[in-house]
Amino acid sequence: DTLEKCGKCGEVVREHIIRALGQAFHPTCFTCVTCARCIGDESFALDSQNEVYCLDDFYRKFAPVCSICENPIIPRDGKDAFKIECMGRNFHENCYRCE
C-alpha cells in the first residue's frame, strides 16, 4: 500500500522510478505523446494541456517559423534562439533585415 503508483498506467512502480510533474512513472510510461519515445531523464516540454513532448517534437509542433528562411526558430547547440517579431511576422535574429 505504501508503494507509489504510476501516474499513467496506475500500476505500482517497483524498480526504476521517474519523478515528474509531481507524480511517479515507470520509465516505459513516461513517453512523448507524439513519437512515444521514452523520455527517461531527458529534458521535456509540456503543452497547454500538460501533454508531455520530447523537445524535438515540441519544437516541430509549436516553434514559430522564420518568414525569411522558413526554418523553425529553436535553440541550437544548447544556446537560446532569439525571435524577432515585426509586422506580424517572425524572424531569426540573423535573418531579420530592415527594408
Side-chain angles (χ1 to χ4, degrees):
D1 286 342
T2 60
L3 295 176
E4 292 186 80
K5 293 192 167 91
C6 178
K8 183 173 182 180
C9 73
E11 296 292 319
V12 172
V13 181
R14 296 180 193 274
E15 295 191 18
H16 188 71
I17 188 168
I18 302 287
R19 292 191 190 283
L21 311 173
Q23 298 180 14
F25 295 90
H26 295 105
T28 55
C29 289
F30 193 64
T31 59
C32 172
V33 296
T34 300
C35 68
R37 191 176 89 219
C38 294
I39 303 284
D41 60 359
E42 296 174 34
S43 295
F44 63 93
L46 300 174
D47 66 8
S48 60
Q49 312 296 308
N50 284 334
E51 297 281 359
V52 175
Y53 290 84
C54 65
L55 291 182
D56 289 341
D57 285 332
F58 184 82
Y59 291 139
R60 233 186 316 279
K61 185 172 181 176
F62 297 107
V65 174
C66 178
S67 294
I68 299 296
C69 70
E70 298 183 357
N71 288 316
I73 303 171
I74 59 175
R76 297 230 188 261
D77 302 322
K79 296 181 182 174
D80 285 339
F82 295 99
K83 176 181 77 166
I84 296 174
E85 292 182 47
C86 182
M87 299 177 67
R89 296 168 57 195
N90 297 308
F91 303 90
H92 286 106
E93 188 175 24
N94 295 337
C95 292
Y96 180 76
R97 301 285 181 262
C98 185
E99 295 180 359

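Checked against side chain to side chain donor-acceptor pair (under 3.5 Å), Asp57 has the following partners two or more places apart in sequence or in another chain: Arg60. The salt bridge (charged side-chain N to carboxylate O under 4.0 Å, His left out) check on Glu11 picks up nothing, with sequence neighbours excluded. By the side chain to side chain donor-acceptor pair (under 3.5 Å) test, Asp47 pairs with Tyr53, sequence neighbours left out. In this structure, the salt bridge (charged side-chain N to carboxylate O under 4.0 Å, His left out) partners of Lys83, at least two apart in sequence or on a different chain, are Glu85. Residues meeting the side chain to side chain donor-acceptor pair (under 3.5 Å) test with Gln23, sequence neighbours left out: none. Partners of Phe25 by ring pair (Phe, Tyr, Trp, His ring centres under 6.0 Å), not counting sequence neighbours, listed by chain and number: Phe30. Not counting sequence neighbours, the partners of Glu42 by the side chain to side chain donor-acceptor pair (under 3.5 Å) test are Arg37. Taking Arg14 as the reference, Leu3, Val12 meet the side chain to side chain contact (heavy atoms under 4.5 Å, CB included) condition, with sequence neighbours excluded.
Within the structure, salt bridge (Lys or Arg N to Asp or Glu O under 4.0 Å) pairs that include any residue of residues 16-29 comprise Glu4-Arg19 (at least two apart or interchain). Applying the salt bridge (Lys or Arg N to Asp or Glu O under 4.0 Å) definition to pairs two or more places apart or across chains, none involves residues 86-97. Among residues at least two apart or in separate chains, ring-ring contact (aromatic ring centres under 6.0 Å, His included) pairs with a member in residues 79-99 are Phe91-Tyr96.
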Chi angles and distances behind the side chain to side chain contact (heavy atoms under 4.5 Å, CB included) call for Cys66, Ile73: CA-CA 6 Å; Cys66 178; Ile73 303 171; 4.2 Å; yes
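Other residues sharing the hydrophobic cluster of Val13, ordered by chain and number and joined by side-chain separations under 4.5 Å: Ile17.
Under the side chain to side chain contact (heavy atoms under 4.5 Å, CB included) rule, Ile39 has a single partner from Leu55, Ile18, Val52, which is Val52.
Separation of atoms SG (Cys38) and NE2 (His26) is listed at 12.0 Å; rounding is to 0.5 Å.
Lys8 approaches Cys29 most closely through the heavy-atom pair CD-O, 3.0 Å. Residues Cys32 and Cys54 come closest through the heavy atom pair SG-N, 3.4 Å.
Using a 4.5 Å cut-off between side-chain heavy atoms of Ile, Leu, Val, Met, Phe, Trp and Tyr, with links allowed through other members, Val33 and Phe58 fall into the same hydrophobic cluster.
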